[in-house]
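These notes concern the structure reproduced below.
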Amino acid sequence: MLFHLIITDKTVAQHDHIAELEHQPLVAKGESYGSITEKITNDVLETKTPRSMSVTLAVTSMLLLVFVLAIGAVLLKGPGVWGNNNPVGWAFEITNFVWWVGIGHAGTLISAILLLLHQHWRNAINRFAEAMTLFAVMCAGLFPALHTGRQWLDYWLFPYPNTMGLWVNFRSPLIWDVFAVSTYFTVSAMFWFVGLIPDLAAMRDKSKKHWQKVVYGVLAMGWRGSAHHWHRYETSYLLLAGLATPLVVSVHSVVSFDFAVSLVPGWHATIFPPYFVAGAIYSGFAMVLTLMIPARRWYKLESFITDRHLDYMAKVMLATGLIVLYGYMCELFFAYYSGSLYEMFMMKNRIFGPYWWAYAALIFCNGLTPQFLWFKSVRTNVTVLFIISLIVNVGMWLERFVIVVTSLHRDFLPSSWDMFTPTIWDWGLYLGTIGFFVWLIFVFVRVMPMISIFEIKHLLPWRGRIIDTSADAN
Amino acid sequence: MRLFAKRPDIYGLMAEFDAPEKLLYAAERAKSEGYHEMDAFTPFPMEELTDALGIRHTKLSLFVLCCGLAGMIGGFFFQYWAMAIDYPLNIGGRPFNSWPQFIPVTFELTILLAASGAVIGMIFRNGLPRPLHPVFNVDRFELATKDKFFLCIEAIDPTFEQEKTKAFLESLQPTYVTVVEHVRTKDPYHHDED
């Protein structure tokens, strides 16, 4: 009943929205159902790969080799190749894990939460952002999986009946993480695939080569756009969005429990779950901009991903950036107000200690840089926005690095203090996952429609208006 | 009764429209003419068709709710059984049934099962995967995923009479009307002009 109400409400909102669309179209004027299909499918089936994309693929392919090498080093020599030591038992692994999971969250936010909030502009970017989620979670999951040390026993993380008669410890946040991340990956993959089915059918019907018809046809499972199917499809899609929304919030909360449930000063804070979720969305939107700005230019998608879309994304970044900044201030206040010697020392050490440069850079990247987004001229300047998005990506990585390393390296017992210095394999694996991620994104853009065709069509107003398709070549 | 009825010679009649409102009008008219066994094919979801075609509201939500509850109850009691009965583990002196710590996994399993139910339920209730369907025998049907809107009245409908239904469909301003064969053959009404 509840969902029925939502559906009805959605239809009403759609009609109201049409009036708004007349003023500022989300799809550029002159686009029709035919031209949308032509443009988006041709980018995969017909258009020659843009040169700048070939170059990106070449560079990321090289990073992919670094990735393989870095994994090989860990598998052969063990985690000793990394710079981890006794107080700092995990450094890059957990930093990168949280960074990547966070990046993934923007995809779910765009595809699920914005769908429920009737933010129609999401229709142009959700496919791309969902793909980003999927690939980011793949990169994220790799780090804890490698950090276990004996990676061939990673299946021990799952509860399965075994000869030892032992179960996993369900009271541990690390096991919550296993469930959260694997559920997140599965649900994101299903959401993405369900969104793709009608577009795969469009690809099947558009492709001319036999093997392409077969591949897209098998994936589309015989989708024929039947009204009965659409009805069930829309219900399913809405339910998935409704389920993915609390899921995305739970995943980063659980990630933050890895820290917050412990007793380490700088980790043991109740603000962690909301502050992590906001940070995740912040970094995720930065990554969407980082990837989408070049992709939009290379594939000339300005009529679907308009400047208005970039402006909206920048606003989300500004809002979540402010929440993150508020989180930093809360951490300062908590340390001061706790009256705990260890908490106060940790904060002093974080700001003035040997890793002061990381904290200063973090405040510069995440505290100051997003403030430029208050200006519309900045939000609509693609180059500046691209640079800001890169700075925010760096800033969010530094945030996790600061939280992890500065809290661990000087703990309760001064005799066990030590410094963490990353080795070439730490950097290698990190850069390798970036290569792997960007490589996957651009391969995806090459083989699948990167913009949701049917959802863009849904944005064209049609009630009482005949759409002129006479210009299309059939 | 239908089980023993002779299969009609054709699957049905299909009309192609070039605009969504024409299809919507046609579907409403067809319903008022008394046709029930019909379906529309569109490149994007048109919520208005649900009423126009008299599609019953799907029970998918109920199925998803059941899946979610199964995940929740199963997930929680599995943890309880594993941690308190099968192999009680004393972790930091906490009670064996430390239920607040079972909530995150319970929650994730609720979502996992409900979401799987939403996807699998939608695909199988839609009768997919089904790579071959009579409507694909219509030559121009591949435009149904692009910019054309189709209405198909099936021959099993009691009101269906091939010539009468064809005349009715032609009165609705379609681009053209064609026969949907069970097996792909030459289209009798369609002449290759494009």
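In what follows, chains are A, B, ... by sequence order, proteins preceding strands, each numbered from 1.
- Using a 3.5 Å distance cut-off with no hydrogens or angles, the side chains of B:Asn126 and A:His228 do not pair a donor with an acceptor.
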Can you give me every donor-acceptor pair (side chain of residues 169-181 of chain A, partner residue at least two apart or in another chain, under 3.5 Å) with its distance?
from     : atom 1 : to       : atom 2 : distance (Å)
A:Asn169 : OD1    : A:Arg171 : N      : 3.0
A:Arg171 : NE     : B:Ser98  : OG     : 2.6
A:Arg171 : NH1    : B:Leu89  : O      : 3.0
A:Arg171 : NH2    : B:Phe96  : O      : 2.7
A:Ser172 : OG     : A:Leu174 : N      : 3.1
A:Trp176 : NE1    : A:Phe170 : O      : 2.9
A:Trp176 : NE1    : B:Gln101 : O      : 3.2

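- Residues from residues 62-80 of chain B that place a non-hydrogen atom less than 4.5 Å from a non-hydrogen atom of chain A comprise B:Val64, B:Phe78, B:Gln79, given in numerical order.
- Neither the backbone nor the side chain of B:Tyr25 comes within contact range of chain A; no heavy atoms are under 4.5 Å apart.
- Using a 4.5 Å heavy-atom threshold, the side chains of B:Thr145 and A:Pro198 count as separate.
- Looking at heavy atoms from C-beta onward, A:Phe454 lies out of side-chain contact with B:Pro43 at the 4.5 angstrom threshold.
- Annotation: side chain of A:His229 is not in contact with side chain of B:Met122 (no heavy-atom distance under 4.5 Å).
- Heavy atoms closer than 4.5 Å to chain A are found in the side chain of B:Phe136, but not in its backbone.
- Note that CD of B:Glu142 is 9.0 Å distant from OG of A:Ser207, once rounded to the nearest 0.5 Å.
- To the nearest 0.5 Å, the span separating CZ on B:Phe107 from CG on A:Leu247 amounts to 6.5 Å.
- For B:Thr50, the part sitting under 4.5 Å from any heavy atom of chain A is the side chain, from C-beta outward, and nothing else.
- For B:Trp81, the part sitting under 4.5 Å from any heavy atom of chain A is the side chain, from C-beta outward, and nothing else.
- Atom OG1 of residue A:Thr183 and atom CD1 of residue B:Ile111 lie 8.5 Å apart, to the nearest 0.5 angstrom.
- Across B:Ala118 and A:Ser236, no two heavy atoms sit closer than the pair O-OG, 3.1 Å.
- The CE atom of B:Met83 sits 9.0 Å away from atom CH2 of A:Trp167, with the distance rounded to the nearest 0.5 Å.
- For chain B, the option among A:Val254, A:Leu166, A:Ile197, A:Val194 with the highest count of heavy-atom pairs below 4.5 Å is A:Leu166.
- Both the backbone and the side chain of A:Ser226 come within less than 4.5 Å of a heavy atom in chain B.
- Closest non-hydrogen pair, A:Leu240 versus B:Ala115, comes out as CD2-CB, 3.7 Å.
- By the side chain to side chain donor-acceptor pair (under 3.5 Å) test, B:Thr165 pairs with B:Tyr35, sequence neighbours left out.
- Rounding to the nearest 0.5 Å gives a distance of 8.0 Å between CZ of B:Phe141 and CG of A:Asp205.
- Taking CZ of A:Arg232 as the start and CZ of B:Phe124 as the end, the distance is 13.0 Å to the nearest 0.5 Å.
- Of the listed residues (B:Ile123, B:Ile120, B:Thr110, B:Val119), the one with the most heavy-atom contacts under 4.5 Å to chain A is B:Val119.
- Distance alone, capped at 3.5 Å, is enough to place a donor-acceptor pair between the A:His231 side chain and the B:Thr58 backbone.
- The candidate from A:Lys206, A:Arg204, A:Met221 with the greatest count of non-hydrogen atom pairs under 4.5 Å with chain B is A:Met221.
- For a residue to count as touching a neighbouring chain, one of its non-hydrogen atoms must lie under 4.5 Å from one of that chain's; by this rule B:Pro104 touches chain A with the side chain only.
- Here A:Lys209 pairs with nothing under the salt bridge (charged side-chain N to carboxylate O under 4.0 Å, His left out) rule; sequence neighbours left out.
- Note: B:Thr42 leads B:Thr42, B:Leu60, B:Val135 in heavy-atom pairs under 4.5 Å with chain A.
- Highest contact tally toward chain A, considering only B:Ser116, B:Gly121, B:Cys152, B:Ala27, is held by B:Ser116 [criterion: heavy-atom pairs under 4.5 Å].
- Counting heavy-atom pairs under 4.5 Å between each of A:Val251, A:Ile453, A:Leu243 and chain B puts A:Leu243 at the top.
- The shortest non-hydrogen separation linking A:Arg224 to B:Arg130 is NH1-CD, 4.4 Å.
- The choice from B:Asp86, B:Leu132, B:Leu49, B:Leu53 that makes the most heavy-atom pairs within less than 4.5 Å of chain A is B:Asp86.
- More than 12 heavy-atom neighbours from other residues, nucleotides or ligands sit within 6.0 angstrom of CD on B:Glu33.
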